[in-house]
Amino acid sequence: MQIHILTLFPEFFRGPLETSILARARDRGYVEFQMLDIRDFTENKHRQADDTPYGGGAGMVMKPGPVVRALEYARESSPEAPRILLTPQGEQFEQETAESLADERDLILVCGRYEGIDERVREDWIDRELSIGDYVLPGGEIAALCVTEAVVRLLPGVLGNQDSLDEESFAQGRLEYPHYTRPQTFRGHEVPDVLLSGDHQRVDEWRREQAEKRTARRRPDLLEDDREGDKGGEDET
Ligand code: SAM
């Protein structure tokens, strides 16, 4: 997969893309990162990529020309890649979104800054808009990294143990069960006995039960979604 990231601050990505799973995935050839500095696509000597808003008001707006030229450049090597704008006004980015994006061949991620990007770009040159939550960040870079990390770890082969993905939070519409590691006693707190029993069936049952209880307590909405899904199935038959 090739991930093109359009940003005014390519340096923002240096640490994260050089770290842990993202760096390993790139070194092993599962993913390539193509950083595009939107300022490289400006046509003025000051490399200015923003301007004052029509109609007046606070803040600056990213000019359409540099963003569209950067998008066209990315599409030259990835003609089918969805062009995704990170914006607080987009659909909520969830595990399911990450799963569907992991099936794409390539991705193009566009990071806004200031008040955002000229609306005409959104209307004609963007395929999908994603938000990482109901809060406003100063730029789309952190959001692009969230999407990148969530997607890359799903690419086949990237994680050593693919089985761990099946049990993870949201994979089965549940939160995952709690984890413990050595030491067996930590400052007076014990590991649950069942995990020391060596009885795999009991461990599995305990984990299923814990996942269920934890989801009911913390995220009952996930269980409701599940029931809604079941009802939908019945209606259809
Ligand atoms: N004026 C915009 C509004 O009120 O909707 C907010 C612009 S924000 C200060 C600047 C940029 O940060 C946005 O263009 C977007 O790329 C990014 N951004 C901010 N919050 C985000 C979020 N929750 N999810 C994804 N991107 C976000």
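Both counts, for ligands and for their atoms, begin at 1 and track the order of listing.
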Tell me which protein heavy atom sits closest to [atom], plus the residue, atom name and distance to 0.1 Å.
| atom | result |
| --- | --- |
| atom 16 (O) of ligand 1 | L86 O, 2.6 Å |
| atom 5 (O) of ligand 1 | Q89 NE2, 2.8 Å |
| atom 27 (C) of ligand 1 | P88 CD, 3.5 Å |
| atom 2 (C) of ligand 1 | E115 O, 3.5 Å |

Going by the order shown, which atoms of ligand 1 are within less than 4.0 Å of some heavy atom of [X]?
| X | value |
| --- | --- |
| G112 | 11 (C), 12 (O), 14 (O), 16 (O) |
| G140 | 12 (O), 16 (O), 17 (C) |
| G116 | 14 (O) |
| P138 | 10 (C), 12 (O) |
| A143 | 25 (C), 26 (N) |
| L130 | 25 (C) |

**OP:** Output the distance between atom CH2 (W125) and atom CD1 (I117), rounded to the nearest 0.5 Å.
**Re:**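 It comes to 12.5 Å.
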Original post:
How long is the gap from CG on D37 to CE on M35, to the nearest 0.5 Å?
Top reply: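 D37 atom CG to M35 atom CE measures 9.0 Å (nearest 0.5 Å).
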Does any N/O atom on [X] come nearer than 3.5 Å to any N/O atom on ligand 1?
| X | result |
| --- | --- |
| L137 | yes |
| V110 | no |
| V136 | no |

Check the surroundings of atom [atom1] in [X]: do more than 12 heavy atoms from other residues, nucleotides or ligands lie under 6.0 Å from it?
| X | atom1 | result |
| --- | --- | --- |
| E96 | CD | no |
| F12 | CZ | yes |
| R120 | CZ | no |

**OP:** Kindly indicate, with the supporting measurements, whether the criterion side-chain contact (heavy atoms from CB on, under 4.5 Å) is fulfilled by L137 and I132.
**Re:** CA-CA 10 Å; L137 298 164; I132 58 163; 3.8 Å; yes
Subject >> 4.0 Å heavy-atom contact, D134 with ligand 1 >> reply: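 No, D134 has no heavy atom closer than 4.0 Å to ligand 1.
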Subject >> Y114 touching ligand 1 at heavy-atom level, < 4.0 angstrom >> reply: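 Yes; Y114 lies near enough to ligand 1 that a heavy-atom distance drops under 4.0 Å.
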**OP:** Go through the side-chain N and O atoms of T7 and E141 and say whether any donor and acceptor fall under 3.5 Å apart.
**Re:**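 Yes, E141 and T7 have a side-chain donor paired with an acceptor closer than 3.5 Å.
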Subject >> T185 and E190: side chain donor to acceptor below 3.5 Å >> reply: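 There is such a pair between these side chains.
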**OP:** Determine whether the aromatic ring centres of F33 and F13 lie less than 6.0 Å apart.
**Re:**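 Here the rings of F13 and F33 have centres that are no less than 6.0 Å from each other.
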Original post:
Of the backbone atoms (N, CA, C, O) and the side-chain heavy atoms from C-beta on, which set of S131 has a member under 4.0 Å from an atom of ligand 1: side chain, backbone, both, or neither?
Top reply: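 The part of S131 near ligand 1 is both the backbone and the side chain.
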Subject >> Sub-4.5 Å side-chain heavy-atom contact between L86 and F93 >> reply: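 A side-chain contact under 4.5 Å is absent here.
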**OP:** From atom 24 (N) of ligand 1, work out which of I132, V147, L85, L109 has a heavy atom at the shortest distance.
**Re:**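 Residue with the shortest heavy-atom distance to the ligand atom: I132.
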**OP:** Would you name the heavy atoms of V67 and L6 that are closest together and state the gap between them?
**Re:**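 It is O-CD2, 4.0 Å.
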